[in-house]
*Asks:* 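Please read through the structure below; I'll follow up with questions.
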Amino acid sequence: MDRIDKISEERLFQNNTKEEIMRWCSGLHYFHYMRARGGHNCEGDSFAVYFNYDGLDDLTAKLAEIGVALNRVGDGDFSFDPFKSYSLDDLDNLKITIAEYPEWEQPQYVELFGNKVHIWVLNDRFEISVSGSKDGQVYKVSEEDFAVCRTLEKRFDELGWHSIVDDNVKSLTHCISERNYPELF
């Protein structure tokens with residue numbers, strides 16, 4: 001049998017109780033609780049869901065269904081390059097773009113059906129993540145975030161959307177999935 005790496009119980013239940021996490025795990029059908037990997041200062045806990053898309057037209061159509069429009073990078077703007085230094089004067093024209101479609105900006109922080117979420121477009125799927133609904137602290141999740149996820153899941157059902165819950169996501173140590181943490185389901 002394959003050994004499964006797990007987050008220690010001490011770290012797993014550092015921000016939320018075991019009972020909360022168990023209720024979240026059994027109460028969500030699309031979203032997964034994602035515990036911060038640790039050691040990454042730009043990453044916190046979140047609830048995340050992934051949806052596939054097939055090309056730019058499909059991506060823009062799906063995002064439009066949930067009220068999100070992509071913005072084209074304008075003249076004079078440029079894509080962020082992590083290997084380049086920028087001056088303060090550059091910052092207004094610096095755009096975080098979609099890797100597969102560098103002429104389009106990442107949606108990032110948007111409102112979705114009245115709820116603040118983060119959307120990040122990857123090469124063949126996009127992620128919607130929820131955190132910080134309670135107090136704006138986007139590095140932790142709360143009951144308010146769980147409630148937002150439940151509301152969004154109802155909207156996804158109405159749209160006939162189906163999340164991708166593939167083994168790549170479920171096998172991530174920080175994804176609190178039934179595969180890695182069956183005792184929480």
Side-chain angles (χ1 to χ4, degrees), residues 2 4-38 40 42-54 58-59 61-68 106-185:
D2 292 334
I4 297 175
D5 289 326
K6 290 182 146 189
I7 297 171
S8 72
E9 283 196 10
E10 178 184 4
R11 200 168 95 60
L12 182 59
F13 306 124
Q14 182 178 7
N15 295 331
N16 302 96
T17 68
K18 182 176 185 177
E19 293 74 25
E20 283 177 311
I21 293 172
M22 289 177 74
R23 192 167 29 76
W24 295 343
C25 289
S26 65
L28 295 173
H29 305 290
Y30 294 106
F31 285 92
H32 277 83
Y33 171 53
M34 307 294 271
R35 179 67 172 104
R37 285 177 270 215
H40 300 272
C42 294
E43 178 192 76
D45 294 353
S46 67
F47 291 102
V49 62
Y50 297 87
F51 296 101
N52 282 330
Y53 69 89
D54 185 21
D58 188 40
L59 172 63
K62 284 182 177 165
L63 292 176
E65 282 188 82
I66 57 175
V68 175
Q106 284 284 358
Q108 296 196 56
Y109 297 98
V110 299
E111 193 166 297
L112 192 62
F113 305 116
N115 301 285
K116 291 180 181 178
V117 302
H118 183 265
I119 297 180
W120 192 260
V121 179
L122 302 160
N123 287 348
D124 59 350
R125 58 182 156 180
F126 60 94
E127 174 192 69
I128 299 173
S129 60
V130 176
S131 64
S133 299
K134 178 179 180 178
D135 53 15
Q137 292 188 24
V138 296
Y139 294 102
K140 294 183 179 180
V141 293
S142 63
E143 283 300 313
E144 288 82 351
D145 297 309
F146 174 68
V148 167
C149 292
R150 297 284 305 256
T151 299
L152 293 177
E153 286 188 349
K154 289 177 188 171
R155 297 302 295 261
F156 299 150
D157 282 339
E158 291 168 7
L159 291 168
W161 284 23
H162 300 285
S163 65
I164 45 173
V165 190
D166 62 16
D167 284 336
N168 289 334
V169 173
K170 286 184 187 181
S171 66
L172 297 171
T173 302
H174 71 287
C175 178
I176 310 307
S177 66
E178 194 167 5
R179 178 187 184 279
N180 291 346
Y181 301 89
E183 69 277 12
L184 298 176
F185 284 78

*Asks:* Identify whether the distance between the nearest side-chain nitrogen and carboxylate oxygen of E143 and R23 falls below 4.0 Å.
*Replies:* yes

*Asks:* Taking all heavy atoms of K140 and all of N15, pick out the closest pair and write down the distance.
*Replies:* CE-OD1, 4.0 Å

*Asks:* Which atom names give the shortest non-hydrogen contact between Y33 and D45, and what distance separates them?
*Replies:* OH-OD2, 3.1 Å

*Asks:* So do I176 and L12 actually touch side chain to side chain, heavy atoms under 4.5 Å?
*Replies:* yes

*Asks:* Report the C-alpha distance between F47 and W24 in whole Å, list the side-chain angles of each, state the deciding distance to 0.1 Å, and finish with yes or no for ring-ring contact (aromatic ring centres under 6.0 Å, His included).
*Replies:* CA-CA 10 Å; F47 291 102; W24 295 343; 5.2 Å; yes

*Asks:* Does any part of the side chain of E183, heavy atoms only, come nearer than 4.5 Å to the side chain of E9, both counted from C-beta?
*Replies:* no

*Asks:* Report yes if some heavy atom in the side chain of Y109 is under 4.5 Å from a heavy atom in the side chain of K116; otherwise report no.
*Replies:* no

*Asks:* Less than 4.5 Å apart, any side-chain heavy atom of I66 and any of I119?
*Replies:* yes

*Asks:* Looking at Y30, Y53, F51, Y50, which hits ring pair (Phe, Tyr, Trp, His ring centres under 6.0 Å) with W161?
*Replies:* F51

*Asks:* Of all the heavy-atom pairs spanning T173 and Y181, show the shortest one and how long it is.
*Replies:* O-OH, 2.9 Å

*Asks:* Can you confirm whether V141 sits close enough to V130 that some side-chain heavy atom of one is under 4.5 Å from a side-chain heavy atom of the other?
*Replies:* no

*Asks:* Between D145 and S133, does any side-chain donor sit less than 3.5 Å from a side-chain acceptor?
*Replies:* yes

*Asks:* With a 3.5 Å cut-off and no angle check, do the side chains of E144 and S142 form a donor-acceptor pair?
*Replies:* yes

*Asks:* Of the non-hydrogen atoms in F126 and V121, which two are nearest, and what is the gap between them?
*Replies:* CB-CA, 4.0 Å

*Asks:* Only one of M34, R35, E127 passes side chain to side chain contact (heavy atoms under 4.5 Å, CB included) with S46; say which it is.
*Replies:* M34

*Asks:* Does the pair E153/R150 count as a salt bridge with the N-to-O cut at 4.0 Å?
*Replies:* no

*Asks:* Does atom CD (E10) have a neighbourhood of more than 12 heavy atoms from anything else shown, all under 6.0 Å?
*Replies:* no

*Asks:* For the residue pair K62 and E65, establish whether any side-chain heavy-atom pair is separated by less than 4.5 Å.
*Replies:* yes

